[in-house]
Amino acid sequence: MIFVTVGTALGFERFVDAVDEWAAHHPDVSCFAQIGQSDAPPRHMEWANSIDADRFRDLSQGATVIAAHAGMGTIIDALAAGTPVIIFPRRADLNEQRNDHQLATVDHFAERKGIHAARTVDELTDLLDRRNQLEAPDPIGPDASPELIDGLRQFFDRGAGEAASKRLS
């Protein structure tokens with residue numbers, strides 16, 4: 001089963017349409033899409049605008065592959081599930097996002113084990129065709145590392161101190 005997700009905030013018609021077109025040519029492959037706030041539902045796969053966290057987790061863990069927008073929350077969820085993920089970025093030049101941070105996310109994670117980057121529809125459909133051969137990620141745990149927590153604490157403590165200094169001056 002392929003689990004398609006666009007995140008919780010926005011629809012992503014170009015992406016959903018591409019996977020839906022692929023699904024039309026692969027009726028033997030089960031696909032479920034969480035499509036966000038979209039007026040263009042897929043015709044060749046099951047879908048819902050939104051799903052709850054338990055359903056998201058179940059679909060992520062039961063999928064052969066997750067095909068997703070290049071959102072950090074979805075990437076982290078895929079890594080936690082140990083499921084290969086194909087990430088496809090929203091693009092600012094197509095008015096899918098206000099900036100190109102998702103392109104930067106794809107560039108950053110493209111070489112990480114279990115994360116498969118698709119920058120074009122052709123790359124996306126090629127990865128979907130090879131879904132059973134995609135490398136899975138090493139699963140991550142539910143807790144942040146002590147180093148990350150310490151780094152964030154230092155960052156926010158420094159920011160709070162700088163903000164207080166500015167208020168006093």
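Everything numeric in this text was worked out from a predicted model, so none of it was measured.
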Next on the checklist: Going by side-chain hydrogen bond (donor to acceptor under 3.5 Å, both in side chains), name the pairs with one or both residues in residues 109-128, residues two or more places apart or in two chains.
Outcome noted: Asp107-Arg119, Lys113-Asp138, Asp126-Arg130

Contacts under 3.5 angstrom, residues 65-75 side chains, donor-acceptor by atom type, not counting sequence neighbours:
from  : atom 1 : to     : atom 2 : distance (Å)
His69 : ND1    : Arg90  : NH1    : 3.0
His69 : ND1    : Gln102 : NE2    : 3.1
His69 : NE2    : Thr74  : OG1    : 3.2

Checklist entry - Of all heavy-atom pairs between Ala118 and Phe88, which one has the smallest distance, and what is that distance? => result O-CD1, 3.2 Å

Item to check | Validation row: His44, Val19 side chains within 4.5 angstrom (heavy atoms) | outcome: no

Item to check | All pairs passing salt bridge (charged side-chain N to carboxylate O under 4.0 Å, His left out) where residues 12-30 contributes a residue, at least two apart | outcome: Arg14-Glu96

Next on the checklist: Using a 3.5 Å distance criterion without hydrogens, assess whether the side chain of Asn49 forms a donor-acceptor pair with backbone atoms of Ile35.
Outcome noted: no

Next on the checklist: In the structure I gave you, are the side-chain heavy atoms of Leu10 and Gln37 within less than 4.5 Å of one another anywhere?
Outcome noted: no

Item to check | Nearest heavy atoms of Phe12 and Pro89, plus distance in Å | outcome: CZ-O, 3.5 Å

Checklist entry - Does Ile87 share a hydrophobic cluster with Val16, counting links as ILVMFWY side-chain heavy atoms below 4.5 Å and allowing steps through other members? => result no

Next on the checklist: Whether the side chain of Glu135 engages the backbone of Pro84 through a donor-acceptor N/O pair (distance < 3.5 Å, no angle test) should be reported.
Outcome noted: no

Checklist outcome for this item: Closest non-hydrogen atoms of Ala136 and Gly82, given as atom of the first, atom of the second and distance, are CB-O, 3.6 Å

Checklist entry - Which heavy atom of Pro27 sits nearest a heavy atom of His25, and at what distance? => result CD-C, 3.4 Å

Checklist entry - Going only through I, L, V, M, F, W and Y residues with side-chain contacts under 4.5 Å, is there a path from Ile115 to Leu127? => result no

Item to check | Crowding at CG, Asp39 (>12 non-hydrogen neighbours, <6.0 Å) | outcome: no

Next on the checklist: Can you tell me how far apart CH2 (Trp47) and OG (Ser38) are? Round to the nearest 0.5 Å.
Outcome noted: 8.0 Å

Item to check | Contact check, side chains of Phe15 and Leu124, non-hydrogen atoms, under 4.5 Å | outcome: yes

Checklist entry - What distance do Thr8 atom OG1 and Ile51 atom CD1 have between them, rounded to the nearest 0.5 Å? => result 10.5 Å

Next on the checklist: My understanding is that only residues two or more places apart in sequence, or in another chain, count here; which of them pass side chain to side chain donor-acceptor pair (under 3.5 Å) with Arg91?
Outcome noted: Asp93

Item to check | Residue pair Thr64 / Phe3, side-chain heavy-atom distance below 4.5 Å | outcome: no

Checklist entry - Side chains of Val85 and Leu134: does their closest heavy-atom pair fall under 4.5 Å? => result no

Checklist entry - Are the side chain of Glu46 and the backbone N or O of Ala33 linked by a donor-acceptor pair below 3.5 Å? => result no

For residues 53-61, run the donor-acceptor check on the side chains, cut-off 3.5 Å, and write out each pair with its distance to 0.1 Å, sequence neighbours left out.
from  : atom 1 : to    : atom 2 : distance (Å)
Asp54 : OD1    : Arg57 : NH1    : 3.1
Ser60 : OG     : Phe56 : O      : 2.9

Checklist entry - Taking only residues two or more places apart in sequence, or in another chain, which ones meet His26 in a ring-ring contact (aromatic ring centres under 6.0 Å, His included)? => result Trp22

Checklist entry - Val121 and Ala18: which non-hydrogen atoms are nearest, and at how many Å? => result CG1-CB, 3.9 Å

Item to check | Close side-chain approach of Phe32 to Met1, heavy-atom, < 4.5 Å | outcome: yes

